[in-house]
Protein chains: 2
Amino acid sequence: MAEQKRSQRRPQQGKKDRYMQPSILMGLYSKPSYGYELIQTIQRFGFVEGQAPPGMIYRHLRQLEEDGLVTSEWETEGAGPAKRIYQLTDGGLQMLSLWIGYMEKQVENLNELIKQYYEVKRNKSAQP
Amino acid sequence: MAEQKRSQRRPQQGKKDRYMQPSILMGLYSKPSYGYELIQTIQRFGFVEGQAPPGMIYRHLRQLEEDGLVTSEWETEGAGPAKRIYQLTDGGLQMLSLWIGYMEKQVENLNELIKQYYEVKRNKSAQP
DNA sequence: TGACCTATGTGCTTAAAGGATATATGTTTA
DNA sequence: TAAACATATATCCTTTAAGCACATAGGTCA
């Protein structure tokens with residue numbers, strides 16, 4: 001019974017990379033935005049299933065601000081509770097650009113592994 | 001002084017996806033292998049910079065065996081210390097196939113975000 | 001008025017990475 | 001022949017960030 005927990009590994013089951021930081025930076029690159037709205041934006045990128053937990057978004061936003069990658073100001077006009085509007089700094093822009101480079105490399109690596117997989121698979125089915 | 005710790009964080013915060021499990025599974029799909037050799041194999045996939053720490057590989061291998069995705073046996077013949085040779089089980093093969101599907105989806109998501117980035121960039125330079 | 005949506009935030013637990021260190025075997029070389 | 005070195009596996013402890021539950025509060029509408 002104590003082992004049950006461990007044996008349920010599946011891809012995506014553990015704590016994996018959901019590209020939260022670059023998703024937020026990319027969202028803000030399109031236009032200044034705020035936490036609650038970014039939850040929807042990020043969902044569209046497809047790295048998280050369903051909606052990202054709010055706590056996670058706000059945690060990231062605060063960290064980004066502390067690191068000087070975004071700035072924020074309160075928006076009290078308009079309907080509903082006040083929103084904290086974030087926008088990218090120059091540093092944030094540079095970081096996003098680094099992330100894009102990283103992602104491009106990831107795509108290459110992933111494609112290479114995928115290609116190798118199908119090659120091996122083809123070989124195995126040819127000589128079983 | 002208390003802030004020093006935070007500012008020493010690596011620039012890109014967020015978990016980097018190292019794809020350790022699928023890399024190991026893919027390595028074993030090509031041919032049965034052992035920890036020390038897999039360290040080199042995995043390096044070639046490009047998801048980790050330099051060599052993966054041995055402790056990490058062995059930890060993964062033990063976990064994979066516990067989960068029934070691989071089996072192992074000691075190889076005492078041949079030069080050098082004995083090797084623990086691992087090979088994929090049917091379950092491991094299925095898991096690898098799931099991983100490939102996941103990776104294909106990741107490639108799509110990544111490409112979509114990258115595309116969006118360059119679109120926004122183009123728009124911004126058109127109307128500054 | 002109280003249910004509900006919007007909006008932000010805190011706190012605690014756990015999974016996995018990071019990294020240091022230990023152990024042992026066989027091979028080379030000084 | 002003893003020391004140095006490459007191979008090979010393994011354990012331990014710390015750090016990091018994800019995962020999740022919960023707390024707070026303003027505004028809208030039946």
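Per chain, numbering begins at 1; letters A, B, ... match sequence-line order. Owing to the predicted nature of the structure, the values given are computational and were not obtained by experimental measurement.
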Would you say [N] has OP1 or OP2 under 4.0 Å from some side-chain N or O of [X]?
X	N	result
H60(B)	dA16(C)	no
R62(A)	dT10(C)	yes
Y36(B)	dT9(D)	no

Assign the ring pair W99(B) / Y19(B) to parallel, tilted or perpendicular, where the plane angle (0 to 90°) is split at 30° and 60°.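 Perpendicular.
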K124(B) to Y29(A) six-membered ring, cation-pi geometry met (6.0 Å, 45°):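 Yes, K124(B) lies over the aromatic ring of Y29(A).
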In whole Å, what is the span from the [atom1] atom of [X] to the [atom2] atom of [N]?
X	N	atom1	atom2	answer
Y34(A)	dC5(C)	OH	P	16 Å
E75(A)	dA7(C)	CD	C1'	13 Å
Q21(B)	dA15(C)	CD	P	15 Å
L64(A)	dT8(C)	CG	P	15 Å
I24(A)	dA17(D)	CD1	P	13 Å
Y58(A)	dA23(D)	OH	P	18 Å
K83(B)	dG26(C)	NZ	C1'	10 Å
L61(B)	dA17(C)	CG	P	13 Å

How would you label the contact of R84(A) with the nucleic acid (heavy atoms, under 4.0 Å): base, sugar-phosphate, or nothing? sugar-phosphate
Using a cut-off of 4.0 Å on non-hydrogen atoms, how would the nucleic acid contact of M20(A) be classed: base, sugar-phosphate, or nothing?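 Here M20(A) touches no strand at all.
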Report the C-alpha distance between Q43(A) and E49(A) in whole Å, list the side-chain angles of each, state the deciding distance to 0.1 Å, and finish with yes or no for side chain to side chain donor-acceptor pair (under 3.5 Å). CA-CA 7 Å; Q43(A) 186 171 14; E49(A) 256 173 87; over 6 Å; no
Kindly point out which of [options] is positioned nearest to the side chain of [X]?
X	options	result
Y86(A)	dA18(D), dG9(C), dA8(D)	dG9(C)
R59(B)	dA17(C), dG9(C), dA8(D)	dA17(C)
P54(B)	dA8(D), dA10(D), dT8(C)	dA10(D)

Here's a test of your reading of the structure: between G35(A) and M56(B), which maps to the more 5' nucleotide of DNA chain C? G35(A)
DNA chain D nearest-nucleotide lookup for G55(A) and T76(A): closer to the 5′ end is G55(A)
Taking S23(B) for the side chain and I42(B) for the main chain, is one N or O donor matched with an acceptor at less than 3.5 Å? no
For R18(A) and F47(A), which heavy atoms make the closest approach, and how far apart are they? O-CB, 3.2 Å
Counting only distance, no hydrogens or angles, is the base of dG19(D) paired donor-acceptor with the side chain of R18(A) under 3.5 Å? no
